[in-house]
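Written below as structure tokens is the structure these notes are about.
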Amino acid sequence: MNYNKELAKIFFSMANYLEMDEASFRSNAYRKVAGVLEMLDKDVKDVYSKGGLKSLEEIEGVGKNIALKIEEFLKTKKVKDFDRLKKKVPIKLDEIIAIEGMGVKKAKVLYEKLKIKNVKDLEKAAKKHKIALLEGFGEKTEKNILEGIAFLKRSSGRFLLGEATFITKDILRKLENLKEVEKLNVAGSFRRRKETIGDIDILVVSKKPEKVMDFFVGMDNVAKVWGKGSTKSSIRTEEGIDVDLRVVPAKSFGSALQYFTGSKEHNIVTRRIAIDKGLKLNEYGVFKGKKMIAGKTEEDVYKAIGLNWIPPEMRENQGEVVKKIPKIVELGDIKGDLHCHSDWDGGDNAISVIARRAIEKGYEYIGISDHTQFLKIENGLNEKELLEQKKEIEKLNKKFKIKILWGCESNILPDGSIDISDDVLKQMDYVIAGVHSSLKMKEKEMTKRIITAMKNPNVDIIAHPTGRILQKRDEYNVDFDEILKAAKENNVILEINSSPYRLDLKDSNIKKAKEMGVKMIIGTDAHHIQQLDLMKFGVSQARRGWAEKKDIINTQPLVKLLKYFK
DNA sequence: GCCGTTTTCGGCCCGACTGTTTTCAGTCG
């Protein structure tokens, strides 16, 4: 069990129940500690077993009381106070407040007046027009509830960053071409490059806001207009994603961008820093009394409160405002891609085509890493075919001015062995190994399986190390700390897979790997030359994990790169 | 319920919008 996650869920929920009775500061304390636990890079179970209650209290936001509740949960898998709260108001609160516009106060009233316990009850009552009759509610609220439920049914409510990218780029391009738009930037979780995003926030500066808004709500892919004003308009696109457009004053563009980029937690901390310095920070600027002292650019805003500008990917209140922040890796640092599939294993393009595209991208090297024989469904290559491929690559290397490396994406079999003989593996420039079968193993076995593969002297890189597929498949059951240790001991590189469906390693694991001194590589897993462009997703993921150029080996020139391979 | 080079008590981020009211509570970001 992931105790951090389970406890975070319980404390979030407790915060919501407590908020019903206006115990807001207490509620906020629970909410805060839930957020801390969710992001914590240590296991509370380990913290407790090493230092007991005292150590738990060293965790931010954990005091005597909450430490006791953590202890209780570790021992009994229960938190009695939570059960008591649920018993008092026996409703599916989390489910109800997931609906846009519904909060705990409304949920409480609906339970007390109409005995509404879950979304099903809520939908029924709304359809019978029982809700509009209640004091404090009305026709509009009832309609919004039904629409909110319909939306939740249609989607999980969040979109993958990769899915949202095309739509966002399209809208930005359209707005950019509008002569009334002076300045323009995307904000929100999209700008922070979170793996999933809730909606898209766009800020513009314009002297003619009405014209911009008219254009915005009239775009050809608008399915629904939520609202249109002179400072803010909201639409839903045909793809089902909500987009907010805000017009802000030029002198406040930087502070608005800072504010709407978030994250919420980052903003809370930056605002507190402002207060400590006798200043006030909001979306309009930084103020000393009534006097505005910054706001035009983000750099000015951060400087005014005594901070250096912070890359958006790092704005998650993970220490970025208190620690000295490193210079994180950039897309321009990348010198090559070593996770590419050619038409040898059923990919779309010949090696020569891939090489040409890599040259266009300005790469110094490109690695071909086709699947190997165990993966029949992907046309995996056997030893004989790999050796033929070697000859082909040698030929092409004489023709092309880019270095083509000969690798493979081999399979880690359930016992940890590789599906290609060591004799062939050791001839290759590099070897990627990944788990592609028997995904449901127990944690101990899966961890042992991967570590066994890492100990193979021919294995250089572990592909998509935790195996997750976003919104579809959880990570394998694996002890990631053990994987890190083994990676360090055996000089094995962990991949950051750039596929927007994977983004594996995730940000927090990248941060851990970096702290352990484990090297990483960013690969696209491209099956088509267009997918070589996915590199930017892997890079932003690496940035969210604070990775520097030196942590990512495919930022290194060829000679240095080869030294990392065993 | 947590936290503390001003505090072990008295604070806890802040503004806008929505839908409901007729001055505001609830929700959101």
A:Tyr30 side chain: which of B:dC17, B:dA16, B:dG1 is closest? B:dG1
Mind checking A:Val33 for me? I need base, sugar-phosphate or nothing, with any heavy atom below 4.0 Å counting as a touch. nothing
Between A:Lys105 and A:Glu19, does any side-chain N to carboxylate O distance fall below 4.0 Å? no
For A:Asp551, the option from A:Lys511, A:Lys514, A:Lys327 that meets salt bridge (charged side-chain N to carboxylate O under 4.0 Å, His left out): A:Lys514
Round to the nearest Å and state the distance from A:Asp21 atom CG to B:dA25 atom P. 17 Å
Can you tell me, in whole Å, how much space there is between the C1' of B:dC14 and that of B:dT22? 26 Å
Quick check on DNA chain B: between A:Glu142 and A:Lys232, whose nearest nucleotide comes earlier from the 5' end? A:Lys232
Scan A:Ile99 against the nucleic acid and name what it touches under 4.0 Å (heavy atoms): base, sugar-phosphate only, or nothing. sugar-phosphate
Determine the contact category for A:Lys32: base if any of its heavy atoms lies under 4.0 Å from a base atom, sugar-phosphate if only primed atoms, P, OP1 or OP2 are that close, otherwise nothing. nothing
Taking every heavy atom of A:Tyr3 against every heavy atom of A:Val44, the minimum-distance pair comes out as CB-CG2, 3.8 Å
Using a heavy-atom cut-off of under 4.0 Å over every strand shown, decide if A:Val62 touches base, sugar-phosphate, or nothing. sugar-phosphate
Given B:dT20, B:dT27, B:dG15, the nucleotide with the shortest approach to the side chain of A:Lys106: B:dT27
Side-chain donor-acceptor pairs of residues 67-78 of chain A under 3.5 Å, sequence neighbours excluded:
residue: A:Lys69; atom: NZ; partner: A:Tyr30; partner atom: OH; Å: 3.3
residue: A:Lys69; atom: NZ; partner: A:Asn65; partner atom: OD1; Å: 2.9
residue: A:Lys69; atom: NZ; partner: A:Asp81; partner atom: OD2; Å: 3.1
residue: A:Glu71; atom: OE2; partner: A:Tyr48; partner atom: OH; Å: 2.5
residue: A:Glu72; atom: OE2; partner: A:Lys80; partner atom: N; Å: 2.8
residue: A:Thr76; atom: OG1; partner: A:Glu72; partner atom: O; Å: 2.7
residue: A:Thr76; atom: OG1; partner: A:Lys78; partner atom: N; Å: 3.2
residue: A:Thr76; atom: OG1; partner: A:Lys78; partner atom: O; Å: 3.3

Any pair counted as salt bridge (charged side-chain N to carboxylate O under 4.0 Å, His left out), so long as it reaches residues 126-141 of chain A, sequence neighbours left out: A:Glu123-A:Lys127
Categorize A:Thr231 for me: base, sugar-phosphate, or nothing, with a 4.0 angstrom heavy-atom threshold over every strand shown. sugar-phosphate
Could you tell me whether the side chain of A:Tyr284 has a donor or acceptor atom within less than 3.5 Å of a complementary atom in the base of B:dG15? no
What's the closest nucleotide to the side chain of A:Phe25 if the choices are B:dC14, B:dC12, B:dG26? B:dC12
Rounded off to whole Å, could you give me the CD-to-C1' distance for the A:Glu100 and B:dG26 pair? 13 Å
Separation of A:Met14 atom CE from B:dG1 atom P, in whole Å? 8 Å
Touch check for A:Ile275, heavy atoms < 4.0 angstrom, all strands: base, sugar-phosphate only, or nothing? sugar-phosphate
So what does A:Lys140 touch, heavy atoms closer than 4.0 Å: a base, only the sugar-phosphate, or nothing? sugar-phosphate
How would you label the contact of A:Asn267 with the nucleic acid (heavy atoms, under 4.0 Å): base, sugar-phosphate, or nothing? nothing
A:Ile59 CD1 - B:dC3 C1' separation (whole Å): 16 Å
Short of 4.0 Å, heavy atom to strand atom, which residues of residues 128-139 of chain A count as contacting DNA chain B? A:Gly136, A:Phe137, A:Gly138, A:Glu139
